[in-house]
Amino acid sequence: MPTDNILDELEWRGLIAHSTDLDALREAFGQGAVRFYVGFDPTAPSLHMGHLVQILTARRLQQAGHTPYALVGGATGMIGDPKEAGERSLNSLDTVKEWVQRVRGQIEPFLDFEGANAATMVNNYDWTASLSTIDFLRDIGKHFPVNRMLARDVVRSRLEAGISYTEFSYVLLQSMDYLNLFRDHGVTLQFGGSDQWGNLTAGVDLIRRTEGARVHAIATPLMTKSDGTKYGKTEGGALWLDPSMLSPYAFHQFWLNVEDEKVEELLKVFTFLSREEIEELAQQTREKPFLRAGQKALADHVTTLVHGEAETEAAKSAAQALFGGGDLAGLPESTLGGALREAGSVRVSAGEVPSVVDLLVSTGLASSKGDARRTVGEGGAYLNNERVTDPDLVPGPDDLVGGVWLVLRRGKKKVAGVEVA
RNA sequence: GGCAGGUUGCCCGAGCGGCCAAUGGGAGCGGACUGUAAAUCCGUCGGCUUAUGCCUUCGAAGGUUCGAAUCCUUCACCUGCCA
């Protein structure tokens with residue numbers, strides 16, 4: 001049963017940055033199940049935080065009774081959506097195919113593939129690969145005035161530095177996807193990130209021109225920090241969803257460290273907590289910010305969504321062990337070892353324990369020996385929660401916590417373990 | 001096409017023959033203060049066996065010089081002005 005106010009729900013959650021006619025869409029939602037699609041290009045082996053917004057939005061819509069088509073861009077991934085930074089380098093067909101599989105695997109757990117409004121996975125490679133150039137230029141290309149394409153922001157920003165015909169044509173492919181899904185599956189809504197807005201409206205226009213039909217598009221906002229910079233960066237790079245590219249512990253830590261100001265906004269976008277629960281947490285954050293109830297709820301919910309409950313528990317107990325402020329020696333080996341393995345650890349043999357500086361480098365806490373020495377000089381290096389002052393200090397047997405572990409920390413937040421075996 | 005100017009470290013931007021690994025600001029990193037928040041203040045900010053030492057860096061390649069980011073030549077790209 002479609003709930004009649006899913007659009008209001010999306011608006012309340014701050015998920016609508018741009019849209020075509022909202023009233024028309026609200027009406028469509030009210031009349032029954034709407035078939036909608038959202039696309040993901042395989043440009044990396046894993047999706048990241050930005051994609052998660054789309055995945056969760058798709059799930060919200062499905063839960064409200066609408067029917068998802070999740071598109072993986074086996075074709076568009078071969079071409080590359082133009083971005084301001086410059087021309088992309090092309091990936092091989094094999095690489096793209098492999099990434100398609102991985103991306104599919106990351107989307108599937110979030111959608112329901114059974115029941116009345118079962119989700120469908122589609123790949124635009126299926127209807128693009130065999131398309132003839134003549135047909136493409138006549139049936140699709142004819143509807144795209146170049147003067148309009150040139151006026152698009154991304155394209156304009158690239159005219160100076162240069163843009164290949166390949167990337168320039170990207171929008172045609174994405175628009176064709178929408179047209180195909182409209183024709184073959186009755187899809188009437190596409191959404192995507194706000195950086196996709198131009199591509200979304202291009203599809204809407206194409207369908208209007210070729211089919212005379214009015215279809216819908218909405219764009220979700222770009223997540224930014226309060227200083228306006230982009231969200232979703234960790235020391236290691238993007239906030240990947242793949243646990244082999246970003247550990248669940250690091251993922252959990254990211255959300256736990258979110259600014260107070262952004263907690264409410266992120267809870268709305270990234271959790272399925274109810275309006276009441278979110279308002280309650282937002283109020284707690286305002287009144288008792290030091291409890292960080294909002295951050296904790298956010299971290300737990302998102303990590304559970306992406307990595308499951310067991311990983312969330314592991315990340316939480318690791319954080320508790322490492323940041324709980326308790327005596328490290330008092331922790332059971334299983335807790336401490338687990339925590340350090342979550343946080344990242346290296347192994348050295350008992351006879352060859354290197355100096356603190358070398359350990360900082362080999363655990364990745366410092367980027368070079370110079371950086372490591374600097375850190376020690378600044379008082380930012382800790383061994384077993386005690387500040388290290390001598391960069392050449394070599395930990396001895398007495399320093400081993402539980403006989404096995406050295407707990408190395410840089411600054412307040414970055415911890416790594418050294419397993420001495 | 002002609003004339004003038006520019007290309008510096010993650011980014012912006014000084015330097016204009018030795019005192020330059022290169023002023024300053026931003027980002028980053030660390031410390032203090034806090035709450036694994038924000039703001040603020042302080043420090044730090046190419047690499048190496050930490051060294052009055054070496055290596056790599058000032059668009060690219062050559063050259064002049066005891067010595068160049070700084071001068072000359074060629075090339076590439078960018079920006080103004082004139083056609």
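Per chain, numbering begins at 1; letters A, B, ... match sequence-line order.
Remark: B/A14 base-pairs with no nucleotide; criterion is Watson-Crick or G-U wobble with both hydrogen-bond distances under 3.5 Å. Nucleotide B/U73: paired with B/A61 (Watson-Crick or G-U wobble, both distances less than 3.5 Å). Using the Watson-Crick or G-U wobble rule with both distances under 3.5 Å, B/U50 pairs with nothing in any strand shown.
Contact between the side-chain N/O atoms of A/K413 and the OP1/OP2 oxygens of B/C29 is not found at any separation under 4.0 Å.
If you check distances only, the side chain of A/Q295 never reaches the base of B/U36 with a donor-acceptor pair under 3.5 Å. Judged by atom type and distance alone, A/E378 reaches the base of B/G43 through a side-chain donor-acceptor pair under 3.5 Å.
Only the C1' atoms considered, B/G62 is 23 Å distant from B/C55, to the nearest whole Å.
With distances taken from any side-chain atom of A/E259 to the nucleotides B/U36, B/A38, B/G35, the minimum falls on B/A38. For A/A319, whose side chain is taken as the heavy atoms from C-beta onward, the closest listed nucleotide among B/A37, B/G30, B/U36 is B/U36.
For the pair A/N385 CG and B/U36 P, the computed distance is 13 Å after rounding to whole Å.
At a cut-off of 3.5 Å, with distance as the only test, no side-chain donor of A/E279 or A/Q283 sits close to an acceptor on the other residue.
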Reading 5' to 3' through nucleotides 47-53 of chain B, protein heavy-atom contacts under 4.0 Å coded B for base, S for sugar-phosphate only, - for none: SSSB---
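At a threshold of 4.0 angstrom between heavy atoms, the contacts of A/R409 with the nucleic acid are absent.
Residues of residues 282-292 of chain A having a heavy atom closer than 4.0 Å to RNA chain B, listed by number: A/P289, A/F290, A/R292.
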